[in-house]
2 protein chains.
Amino acid sequence: MATPRSTSTDIARLAGVSRATVSYVLNARADQSISEATRNRVLAAARQLNYVPNAASRALRGGQSRLVMLINSGIPWSTNITEIEDELTRLVADSGRSLVVWRRQGPEDLVSTLANLEPCVAMSMSLLSDDESALLATVKIPLVESDLVAPGSDIPARLQVEHLVAHGHERLGYLTTSEPTLQRFATPRTGGFVAACEEFNLPEPRVAALPGGLELTVESVKEQLQAWQSEPHPVTAVACFNDFHAAVCLTAAAELGLWVPDDLAVMGLDDDIFAPLTRPALTTIKLDPHGLARHLWATAQYRLHEAPEPHPYVMDARVVERASVSEPV
Amino acid sequence: MATPRSTSTDIARLAGVSRATVSYVLNARADQSISEATRNRVLAAARQLNYVPNAASRALRGGQSRLVMLINSGIPWSTNITEIEDELTRLVADSGRSLVVWRRQGPEDLVSTLANLEPCVAMSMSLLSDDESALLATVKIPLVESDLVAPGSDIPARLQVEHLVAHGHERLGYLTTSEPTLQRFATPRTGGFVAACEEFNLPEPRVAALPGGLELTVESVKEQLQAWQSEPHPVTAVACFNDFHAAVCLTAAAELGLWVPDDLAVMGLDDDIFAPLTRPALTTIKLDPHGLARHLWATAQYRLHEAPEPHPYVMDARVVERASVSEPV
DNA sequence: ACCCGTAACTTTCACGTGTAAGTAACGAGG
DNA sequence: CCTCGTTACTTACACGTGAAAGTTACGGGT
């Protein structure tokens with residue numbers, strides 16, 4: 001009753017040729033000579049039948065699918081992540097493949113998803129466990145981890161220090177997160193921040209981890225800020241793990257009667273969509289999501305033996321100056 | 001050199017049985033009698049070889065893949081969207097399938113993505129064009145649109161009116177968005193807002209559309225608020241398209257010297273992660289992403305002939321009272 | 001002694017595609 | 001007139017899986 005989807009056999013029948021001819025025409029093979037008349041008949045038949053080739057049989061025949069999987073392990077959204085995803089989608093599409101993103105819930109889901117999806121290459125923004133990497137290896141799916149691609153994860157935090165130092169700050173605080181899924185980003189950033197302070201011969205910075213999710217409250221940040229203010233040599237500037245934390249920090253400072261940037265400088269990271277909308281507008285670090293996406297894809301293509309090994313990625317980050325940092329009074 | 005991935009034939013060879021036996025064991029078919037000893041041999045061989053069945057051949061043989069596609073046409077992130085995606089991922093996984101989300105860039109990409117992905121069912125949060133729906137129909141892929149699923153898109157906005165009326169407000173303003181990708185949500189909400197005002201016999205509400213993306217500035221909101229304030233009977237409460245707009249509105253009001261909630265009540269929509277963190281904390285509408293996800297999947301299962309037609313979805317929305325709305329002074 | 005049912009398998013086919021290998025027709029060169 | 005190369009196709013197979021249909025071997029009933 002429901003007519004089945006049309007196949008290349010249908011086209012062959014309609015055009016009065018063999019299936020092989022159809023295949024040669026549709027794949028525009030240069031090493032096969034097909035007369036112009038036949039070619040047009042096939043093309044017309046394909047269009048008439050709204051032919052879309054069957055992905056499964058293509059993948060089966062070709063030995064690999066045209067899918068690229070991006071594994072997203074609960075990374076909270078930011079402009080950067082969206083832009084990476086969008087740019088990757090475009091790049092992958094240019095190669096005739098399609099990027100799909102999979103939000104994984106549990107660790108055990110990976111096997112069944114691989115069995116269902118069978119991507120030709122997998123990418124991950126976060127670090128996969130050894131078991132998972134091993135699994136991908138046994139099913140012969142190359143894995144590209146952004147960790148390998150971005151050894152400069154500490155650079156943004158170092159830039160924060162540099163910028164604050166350039167504006168005369170010496171006693172710095174760092175607000176990071178204790179959210180487990182973010183540690184892959186948080187750990188190198190905190191490390192970079194502390195290391196940069198040492199290299200600039202600053203006093204050891206204060207570091208505090210804010211709770212994640214709904215437990216992050218203005219009050220918790222106020223308490224932290226107050227603790228730092230009540231020290232003999234109070235912090236004059238605080239850098240944050242991301243813009244969201246920085247926005248909360250701005251609110252907390254305001255409620256404590258601390259004037260930003262005069263009493264306290266605040267610096268974010270991400271240049272998220274709302275950064276220009278906070279009051280004062282947030283001075284932050286802009287990363288290069290497009291560059292990272294391009295490098296991620298270049299690495300994937302290398303793994304697919306379609307391109308030479310790309311040069312190591314150097315994180316491109318720069319300060320976006322707005323209004324939340326100035327010279328200390 | 002690189003040993004190919006192991007297949008059910010490898011298992012059969014290792015276990016010393018035929019491929020059919022392997023298939024019967026691995027799919028645990030009840031209508032086939034397999035001796036316990038053979039069963040164990042096969043299972044052991046499969047484990048030893050790290051066997052993962054080939055998705056392409058399964059899909060080819062079975063006539064449909066085990067993939068569910070969620071089409072995301074540039075909808076900006078919110079807690080709700082993430083929760084819908086996560087809950088859908090879980091539900092779909094429970095059926096042995098996998099949910100993948102595809103961020104589409106251009107309208108023409110859909111064909112090639114379908115050809116590469118071949119989902120057994122497609123879901124879309126936004127409205128697809130007629131051409132696209134037709135395309136899905138010709139390739140026999142059922143489409144579930146959240147439009148069909150959520151005819152109560154106007155309910156949240158009506159709730160905003162109801163809550164503001166209950167707090168004594170009569171002259172209302174509505175801030176919506178002109179972002180094209182959001183009109184699918186914006187239009188019914190604005191409609192619901194205006195209609196509800198009429199039903200409550202309120203004076204006609206003021207409606208303004210804010211620009212999307214980077215053009216949304218505090219200044220643009222301030223101008224709008226000022227325009228409304230300079231009218232003979234100024235607006236006493238403004239409801240917003242979402243929490244993000246409401247947060248900007250809060251900042252704008254503060255800069256105009258308008259005290260929220262006493263001089264102006266502000267109401268958001270979404271109960272996004274930052275809603276409790278604004279000052280004053282945002283009174284907003286909480287939707288039910290899990291319920292929507294469940295209904296979306298129930299509809300998809302109905303289309304897959306695996307479940308009866310679900311009851312029409314009634315949008316479950318409720319007010320979350322915080323501090324940005326009170327009785328007018 | 002023969003038939004029949006059942007347990008425990010194996011043989012065989014189909015799914016839709018890409019492509020290597022085969023074939024028929026035709027014109028040119030000897 | 002025969003061969004050879006080229007054009008324009010067609011035939012046939014492989015990919016890995018699921019499952020219908022077929023094949024043994026064996027035990028119990030008549």
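Quick note on labels: first sequence line is chain A, next is B, and so on, each numbered from 1.
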Salt bridge flag under 4.0 Å for residues A:Glu36 and A:Arg41: no

Under-4.0 Å side-chain N/O to phosphate OP1/OP2 contact, A:Thr38 with D:dC9: yes

Distance in angstrom units between A:Asn54 CG and D:dG16 P, rounded: 17 Å

Sugar-phosphate only, base, or nothing, as touched by B:Ser8 at under 4.0 Å among non-hydrogen atoms: sugar-phosphate

Carboxylate-amine/guanidinium contact B:Arg97 B:Glu306, below 4.0 Å: yes

Upstream residue (5' side of DNA chain C) when B:Arg41 and B:Arg61 are each assigned their closest nucleotide: B:Arg41

Under 4.0 angstrom between B:Asn27 side-chain N/O and D:dG18 OP1 or OP2: yes

A:Arg58 side chain near C:dG18 phosphate (N/O to OP1/OP2, under 4.0 Å): yes

Protein-nucleotide distance (A:Asp31, atom CG; D:dC9, atom C1'), rounded to Å: 14 Å

Closest nucleotide among C:dT17, D:dT17, C:dA8 to the A:Pro53 side chain: C:dT17

Separation of C:dT17 P from B:Leu60 CG (nearest whole Å): 9 Å

Phosphate OP1/OP2 of D:dG18: any B:Ser23 side-chain N/O under 4.0 Å: yes

Nearest-0.5 Å distance that lies between atom OG1 in B:Thr138 and atom OH in A:Tyr51: 12.5 Å

Any B:Thr21 side-chain N or O less than 4.0 Å from OP1/OP2 of C:dT10: yes

Out of D:dG16, D:dC9, D:dA20, whichever nucleotide has its closest atom nearest the side chain of B:Ser57: D:dG16

Quiz item: B:Tyr24 side-chain donor-acceptor pair to C:dA7 base, under 3.5 Å: no

Nearest-neighbour nucleotide for the A:Thr7 side chain, C:dC15, C:dT17, D:dA8 considered: C:dT17

Per B:Arg19 side chain, nearest of listed nucleotides D:dG18, D:dG16, C:dT10: D:dG18

Phosphate OP1/OP2 of D:dA19 contacted by B:Arg29 side-chain N/O (<4.0 Å): yes

Any A:Ser18 side-chain N or O less than 4.0 Å from OP1/OP2 of D:dT11: no

From A:Leu117, A:Thr113, A:Leu114, residue fulfilling side-chain contact (heavy atoms from CB on, under 4.5 Å) relative to B:Ser98: A:Thr113

Electrostatic pair B:Glu145-B:Arg184, nearest N-O below 4.0 angstrom: no

Residue closer to the 5' end of DNA chain D, B:Gly62 versus B:Gln32 (nearest nucleotide): B:Gly62

